[in-house]
Amino acid sequence: MNLYDLYLSSGCRTYPYLSDLAVSVNVLLDLDLNKLIQSEQFIPGFLGLELPTNTAACFLERLKEAGGGGTIVPSAYRQPRVSIEMAYPIAFQAIIQKQNTPSPP
């Protein structure tokens, strides 16, 4: 079973309604909602959740209703297997290869 996290890109203007979700997912009860609110505390990033797809989608919808923004991401993506330092030469080679490939007529 794949589990998902939310990457929050913008904080909420108001507290999101999560009571019904928190009943079915105990981890939401432990979530510090102050970090979801647009303030000096808000920092974009992963929320550190392990949610089924439908719960993650519902949670993201509630955050958007409260003025926040983000995306659903597989939890495994929080810890990338490739560092930025490792990815740069791979991306550079792909760009060079693409530039040297002729376009179809």
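Side chains are part of it too, since the values below use all heavy atoms of this structure and drop only hydrogens, waters and symmetry mates. Residue numbers start at 1 and run along the sequence shown. Predicted model only: the values in this text are computed from it and were never measured.
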Novice: Keeping Asp5 on the side-chain end and Leu49 on the backbone end, is there a donor-acceptor pair under 3.5 Å?
Specialist: yes
Novice: Check the surroundings of atom CD1 in Ile96: do more than 12 heavy atoms from other residues, nucleotides or ligands lie under 6.0 Å from it?
Specialist: yes
Novice: Report yes if the side chains of Leu21 and Cys58 come closer than 4.5 Å at any heavy-atom pair, otherwise no.
Specialist: yes
Novice: Working to the nearest 0.5 Å, report the span between CD of Glu65 and SG of Cys12.
Specialist: 10.5 Å
Novice: Would you say the side-chain atoms of Arg13 pair up with the backbone N or O of Ala66, donor to acceptor, closer than 3.5 Å?
Specialist: no
Novice: Where is the tightest heavy-atom contact between Met86 and Arg81, given as atom of each residue plus distance?
Specialist: CE-O, 4.1 Å
Novice: Any side-chain heavy atom of Ser75 within less than 4.5 Å of one from Phe46?
Specialist: no
Novice: Any heavy-atom pair between the side chains of Ile90 and Phe92 that's under 4.5 Å?
Specialist: no
Novice: Does a salt bridge link Arg78 with Glu50, judged by any charged N lying under 4.0 Å from a carboxylate O?
Specialist: yes
Novice: Looking only at non-hydrogen atoms, find the nearest pair between Thr101 and Gln97 and report the distance.
Specialist: OG1-O, 2.7 Å
Novice: What is the distance from atom CG of Leu18 to atom CG of Leu63, rounded to the nearest 0.5 Å?
Specialist: 6.5 Å
Novice: Against Tyr7, only a single residue in Leu47, Leu60, Thr71 fulfils side-chain contact (heavy atoms from CB on, under 4.5 Å); can you say which?
Specialist: Thr71
Novice: A side-chain contact here means heavy atoms from C-beta on lying under 4.5 Å apart; do Ile72 and Leu6 qualify?
Specialist: yes
Novice: Please give me the minimum heavy-atom distance between Tyr77 and Val73, naming the atom from each residue.
Specialist: CB-CG1, 3.5 Å
